[in-house]
2 protein chains.
Amino acid sequence: MEVVEYDKRKCPTHVSTGECTKHLLPVKDALDILSGKWKLQIILSLTFGKKRFKQIQREIPGLTPKMLSKELKELEINELATRHVYDTSPVSVEYEITPYGRTLKPIIEELHKWGSKHRKRIITRSGRSTL
Amino acid sequence: MEVVEYDKRKCPTHVSTGECTKHLLPVKDALDILSGKWKLQIILSLTFGKKRFKQIQREIPGLTPKMLSKELKELEINELATRHVYDTSPVSVEYEITPYGRTLKPIIEELHKWGSKHRKRIITRSGRSTL
DNA sequence: TATAGTGGTTTCCTAAAGTATACCGGTATC
DNA sequence: GATACCGGTATACTTTAGGAAACCACTATA
């Protein structure tokens with residue numbers, strides 16, 4: 001991962017897209033964190049408090065242990081959630097969102113704002129009441 | 001596509017995730033528009049002016065006509081871009097971003113802001129200079 | 001001793017996303 | 001007449017995301 005310096009002014013039409021592509025790297029990073037079928041739901045679930053593995057699974061219908069395991073690992077790698085193992089018997093594990101994880105809030109809100117308007121726009125135009 | 005009324009206060013832990021899932025639908029809509037390998041690059045390219053099909057393809061290395069065609073159709077469906085056919089010979093076609101398409105700007109900027117910080121954070125922590 | 005819950009992993013499979021390559025009719029150029 | 005540009009489409013392929021089911025060691029409970 002190269003630390004890329006970019007300049008918005010370098011992005012107009014005539015300029016090599018190389019610069020623009022670099023400009024997009026951080027956007028893609030953010031998108032990667034949020035996209036996929038389960039990430040948002042898991043983050044949201046943790047937003048409302050510490051949770052145990054099976055607890056999260058029960059809260060999110062359809063979520064298999066394989067996917068949950070994978071997503072939680074990614075959240076840990078990105079420092080968005082932490083994993084606490086308690087020395088009980090049998091061991092119990094809790095997942096908690098980090099303060100850093102909570103900094104995703106504005107971004108999710110922005111997506112929600114735009115998405116809501118877009119929903120209305122497309123629904124209205126197509127005249128459908130269901131999809 | 002059901003028009004869903006939701007209430008943020010209904011989302012805490014103890015509440016059925018059904019409500020929360022509905023709350024996430026618009027977020028997913030927005031995410032769908034931006035995710036994928038090419039969408040952002042195409043939108044960005046159009047941001048800097050009208051473009052012809054081959055022109056976009058040349059600007060974005062690796063983009064095949066099939067993918068470009070598909071993505072442009074989706075942009076049209078979502079009213080984010082328009083397709084103009086000119087009666088020249090041979091016909092020329094231009095794609096243009098709509099004013100509505102430009103309303104994506106704040107969302108992309110928010111993603112960029114968060115993504116930039118995240119990049120620095122993860123790079124710094126891991127001590128890598130390249131990925 | 002059987003059953004259920006915990007926190008996962010493993011294997012196999014399907015569906016969707018994306019790639020590669022060739023091709024089409026039209027026109028203009030060499 | 002051959003070649004090249006335009007705006008794509010068609011077909012076949014690979015890669016990735018995600019799903020289904022079984023399984024593991026451990027413990028508590030009946």
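In what follows, chains are A, B, ... by sequence order, proteins preceding strands, each numbered from 1.
With a cutoff of under 4.0 Å to any heavy atom of chain A, the contacted region of DNA chain D is bounded 5' to 3' by D:dG18 to D:dA28.
Panel note: side chain B:E59, backbone B:I56; no donor-acceptor pair is recorded below 3.5 Å. Remark: the backbone N or O of B:P26 is not paired with any side-chain donor or acceptor of A:S116 at under 3.5 angstrom. At least one donor-acceptor pair under 3.5 Å links the side chain of A:K51 to the backbone N or O of A:S45.
Put simply, the side chain of A:Y86 does not reach to within 4.5 Å of the side chain of A:V91, judged on heavy atoms. B:W114 is not listed as a side-chain neighbour of A:P106, based on a closest heavy-atom distance of 4.5 Å or more.
In this structure, the CD atom of A:Q57 is 10 Å from the P atom of C:dG7, given to the nearest Å. Atom pair A:E76:CD and C:dG7:P shows a separation of 14 Å (rounding to whole Å applied).
One finds the NZ atom of B:K113 at 14.0 Å from the CD1 atom of B:I108 (value rounded to the nearest 0.5 Å).
Between A:Y100 and B:H118, the ring planes are parallel. Angles under 30° get that label, and only those over 60° would be called perpendicular.
Using a 4.0 Å cut-off, some side-chain N or O of A:S69 falls inside it from OP1 or OP2 of C:dT9. Within the 4.0 Å cut-off from OP1 or OP2 of C:dG8, at least one side-chain nitrogen or oxygen of A:R83 is found.
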Under the salt bridge (Lys or Arg N to Asp or Glu O under 4.0 Å) criterion, do B:E74 and B:K39 qualify, and how do the steps go? CA-CA 9 Å; B:E74 287 180 26; B:K39 292 200 180 70; 3.6 Å; yes

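Contact annotation for B:Y86: no contact, since no heavy-atom pair falls under 4.0 Å across all strands.
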Summarise protein proximity over nucleotides 10-19 of chain C in one line of letters, 5' to 3': B for base, S for sugar-phosphate only, - for none, counting protein heavy atoms closer than 4.0 Å. BBB-----BB

